[in-house]
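Each chain gets a letter, A, B and so on, in the order the sequences are listed, and its residues count up from 1. Only heavy atoms go into these numbers, but all of them, side chains included; no hydrogens, no water, no symmetry mates.
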Amino acid sequence: MTNKTLIVVLGPTGIGKTDLSIDIALKFNTEIISADSRQIFRELDIGTATPDSRQLHTVKQHFIKSHSIFNDYSAAKFEKEAIDKIEKLFKHYDTLVMTGGSMLYIDAVCKGIDDIPDVDKKIRNELIARYEKNGIEDLRLELKKIDPEYYSKADLKNHKRILHALEIFYSSGRKYSSLLTNPQKKRNFNILKIGLNTDRHILHQQINKRVDIMISKGLIDEAKSVYQNRKLNSLNTVGYKELFQYFDGSISYNNAIELIKRNSRRYARRQITWFRKDNKIQWFDPDDKRNILKFIEGEINKAH
RNA sequence: GGUGCCAUAGCUCAGUUGGUAGAGCAACGGACUGAAAAUCCGUGUGUCCCUGGUUCAAUUCCAGGUGGCACCA
């Protein structure tokens with residue numbers, strides 16, 4: 001049994017993961033791995049609720065502002081880079097904190113995802129063009145032909161799923177279904193999952209308030225500064241995509257703010273849905289810091 | 001104080017010539033393995049203000065009450 005433990009702090013957006021993870025990292029005198037698919041971009045700050053400079057100076061945090069919106073990123077890349085970083089850091093620490101709300105990124109580190117061949121960008125763009133021209137039915141029929149197994153279990157109304165299976169096939173000649181093994185990779189460290197959640201009404205109030213604070217901190221200007229790159233996937237993000245519509249003149253200012261709040265609430269709900277089925281998570285109220293620390297210490301003593 | 005109008009889902013409101021009701025928005029549930037703050041699927045969640053009356057049957061009609069709005073004093 002290893003004596004290395006990764007403490008994973010997860011939960012919906014706006015619940016207070018950053019503050020708690022800093023407290024935990026200070027307590028164990030260690031560093032933080034961020035698992036946040038948007039805070040990772042250096043061009044985004046206010047709208048992603050990235051930790052501020054004071055917080056970043058208090059505890060060293062990795063994968064914050066470490067990449068650019070102009071480079072493609074993915075959960076698979078995060079898995080490789082994060083595992084790499086974690087293994088390096090475990091040479092100096094017995095415990096590490098990982099925190100974030102990107103469900104797939106967390107699972108990529110905790111459980112691993114399959115190795116899937118690189119996708120040829122040209123092929124992806126061609127398929128997207130076909131989808132936009134002919135709709136989903138065309139691609140669906142093709143998937144049925146080349147990979148009936150995946151077709152039988154795929155979400156056939158979700159074009160991203162179908163596109164992905166096709167682009168894998170045309171890039172590598174291998175069926176997507178043959179690549180899916182649900183790996184459950186064995187990590188050489190213990191994983192302790194701390195989930196934060198609270199009454200839904202309170203969470204919604206916190207989310208709404210946080211959006212108002214983002215606006216007062218200058219989110220409008222930040223969104224303007226990246227407006228010209230709005231087509232980038234990295235900017236298909238709550239807090240930015242709504243403001244882009246406002247800049248376009250297609251929705252009002254007040255409408256944009258309301259939509260940011262609504263979409264944040266919905267994002268939080270999807271996170272909760274995802275995390276709910278993970279029975280390894282020990283849930284706490286974010287204010288319950290004492291018990292959280294007590295719980296972590298107890299578990300680490302048991303494991304080591 | 002008087003008169004009139006209104007009271008139906010979380011909100012804005014339809015509707016039922018008397019047979020316990022439906023839109024929009026919001027909300028809620030779910031899926032998810034190289035785009036994941038993405039993408040996709042599903043769900044009306046209701047003392048029809050309260051109390052009586054008429055009726056086989058009242059959210060609907062009648063009376064009174066309560067609350068809100070408007071106008072007149």
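- Nucleic acid contact for A/Asp36: base, since at least one base atom lies under 4.0 Å from a heavy atom of the residue.
- Of the two residues contacting RNA chain B, namely A/Arg266 and A/Ser234, the nearest-nucleotide position lying further toward the 5' end is that of A/Arg266.
- Ionic pairing of A/Asp84 and A/Lys88 is present here: one or more N-O contacts between side-chain nitrogen and carboxylate oxygen are shorter than 4.0 angstrom.
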Give the intermediate values and the outcome of side-chain hydrogen bond (donor to acceptor under 3.5 Å, both in side chains) for residues A/Tyr267 and A/Gln271.
CA-CA 6 Å; A/Tyr267 172 48; A/Gln271 290 173 302; 3.0 Å; yes
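- For the OP1/OP2 pair of B/U39 and a distance below 4.0 Å, the side-chain nitrogens and oxygens of A/Asn236 include at least one atom meeting the criterion.
- When the C1' atom is compared between B/C61 and B/U55, the two are found 10 Å apart, to the nearest whole Å.
- Pairing of B/A14, defined by two Watson-Crick or G-U wobble distances under 3.5 Å, is not identified with any nucleotide.
- When the P atom is compared between B/U12 and B/U51, the two are found 23 Å apart, to the nearest whole Å.
- Pair assignment for B/A70: B/U3, on the basis of Watson-Crick or G-U wobble contacts that are both within less than 3.5 Å.
- Base pairing of B/A57: no nucleotide in any strand meets the Watson-Crick or G-U wobble criterion (both distances under 3.5 Å).
- The backbone N or O of A/Tyr93 lies less than 3.5 Å from a partner atom in the side chain of A/Lys4, making a donor-acceptor pair.
- Remark: A/Asp19 CG to A/Ile24 CD1 distance equals 11.0 Å, nearest 0.5 Å.
- Checked for salt-bridge contact, A/Glu79 and A/Arg187 meet the test: a charged N lies under 4.0 Å from a carboxylate O.
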Protein N or O to nucleotides 31-34 of chain B N or O, pairs below 3.5 Å:
from  : atom 1 : to       : atom 2 : distance (Å)
B/C32 : OP2    : A/Lys277 : NZ     : 3.1
B/U33 : OP1    : A/Arg161 : NE     : 3.0
B/U33 : O2     : A/Asp114 : N      : 2.9
B/U33 : O2     : A/Asp114 : OD2    : 3.2
B/U33 : N3     : A/Asp114 : OD2    : 2.7
B/U33 : O4     : A/Asn182 : N      : 3.1
B/G34 : OP2    : A/His164 : NE2    : 3.1
B/G34 : OP2    : A/Tyr176 : OH     : 2.3
B/G34 : N7     : A/Ile116 : N      : 3.2
B/G34 : N7     : A/Ile116 : O      : 3.4
B/G34 : O6     : A/Ile116 : N      : 3.4
B/G34 : O6     : A/Ile116 : O      : 2.5
B/G34 : N1     : A/Asp118 : OD1    : 3.1
B/G34 : N2     : A/Asp118 : OD1    : 2.8

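- Rounded to whole Å, atom P of B/U39 lies 13 Å from atom CD1 of A/Ile128.
- Using the six-membered ring where Trp is involved, A/His164 and A/Tyr176 have ring planes that are perpendicular, over 60° apart on the 30 and 60° scheme.
- For the C1' atoms, the distance linking B/U47 with B/U60 amounts to 16 Å, nearest Å.
- Using the Watson-Crick or G-U wobble rule with both distances under 3.5 Å, B/A9 pairs with nothing in any strand shown.
- For the OP1/OP2 pair of B/C25 and a distance below 4.0 Å, the side-chain nitrogens and oxygens of A/Arg262 include no atom meeting the criterion.
- Between A/His201 and B/C28 there is no side-chain polar atom (N or O) within less than 4.0 angstrom of OP1 or OP2.
- Ring geometry for A/Phe63 versus A/His67: interplanar angle under 30°, hence parallel rather than tilted (30 to 60°).
- Classified by interplanar angle (parallel below 30°, tilted 30° to 60°, perpendicular above 60°), the ring pair A/Tyr105/A/Phe78 is parallel.
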A/Thr13 vs A/Arg210, side-chain hydrogen bond (donor to acceptor under 3.5 Å, both in side chains): CA-CA, chis, key distance, verdict:
CA-CA 10 Å; A/Thr13 188; A/Arg210 193 172 70 162; 2.7 Å; yes
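- Residue contacts shown for A/Tyr240 are absent, as no nucleic acid heavy atom lies under 4.0 Å away.
- Pairing for B/U33 is absent, judged as Watson-Crick or G-U wobble with the two contacts each under 3.5 Å.
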Using a cut-off of under 3.5 Å, enumerate the N/O to N/O pairs linking the protein to nucleotides 44-46 of chain B.
none

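- Using a 4.0 Å heavy-atom distance criterion, A/Thr237 is classed as a base contact.
- For A/Arg200 and B/C28, the shortest distance from a side-chain N or O to OP1 or OP2 is below 4.0 Å.
- Residue-level contact check: A/Lys241 touches the backbone only, with heavy atoms under 4.0 Å from sugar-phosphate atoms and none from bases.
- As judged by a 4.0 angstrom heavy-atom cut-off over every strand, A/Thr48 is placed among the base-contacting residues.
- Pairing partner, B/A21: none, since no Watson-Crick or wobble contact has both distances short of 3.5 Å.
- Phosphate contact (OP1/OP2 of B/G30, side-chain N/O of A/Arg269, threshold under 4.0 Å): absent.
- Between A/Glu31 and A/Lys85, no side-chain nitrogen of the basic residue sits less than 4.0 Å from a carboxylate oxygen of the acidic one, so the salt-bridge criterion is not met.
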